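Working notes, beginning with the structure itself.
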Amino acid sequence: MTTPPGGLPVYRVLTGPDDAAFCHRVSEALAMGYRLHEGPSVTFDGERVIVAQAVLWSGYRERETGD
């Protein structure tokens with residue numbers, strides 16, 4: 001499949017509290033065919049840890065910049 005299913009974008013950022021539900025959402029994206037893009041970002045909102053993880057569709061090829 002060259003494009004993500006269901007009209008999903010090629011690049012997505014998943015965010016949420018650092019809990020099992022967030023881990024399941026990332027795992028579902030990976031099972032769907034996305035791959036991790038870099039590492040996660042983590043912050044603290046005063047009550048809990050919040051995580052952001054970017055995912056990129058595995059069929060997407062990054063363009064060479066020639067740099």
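Side-chain atoms are counted along with the backbone in the values below, which use heavy atoms only and exclude waters and symmetry mates. The chain is numbered in sequence order, starting from 1. What you see is a predicted model; the values in this text were computed from it and never measured.
The shortest distance between side-chain heavy atoms of T43 and V49 does not fall below 4.5 Å. I50 places none of its side-chain heavy atoms less than 4.5 Å from the side chain of V42. Using a 4.5 Å heavy-atom threshold, the side chains of T3 and V10 count as separate. Looking at M32 and P4, their side chains never come closer than 4.5 Å, going by heavy atoms from C-beta outward.
Between the side chain of Q53 and the main chain of E38, a donor-acceptor pair closer than 3.5 Å is present. Judged purely by atom type and a 3.5 angstrom limit, S58 has no side-chain atom pairing as donor or acceptor with the backbone of R35.
The salt bridge (Lys or Arg N to Asp or Glu O under 4.0 Å) check on R25 picks up nothing, with sequence neighbours excluded.
Y34 and L8 get closest at one heavy-atom pair: OH-CB, 3.3 Å.
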Result block: side-chain N/O donor-acceptor pairs under 3.5 angstrom for residues 11-24, not counting sequence neighbours:
from	atom 1	to	atom 2	distance (Å)
D19	OD1	A21	N	3.3
D19	OD1	F22	N	2.9

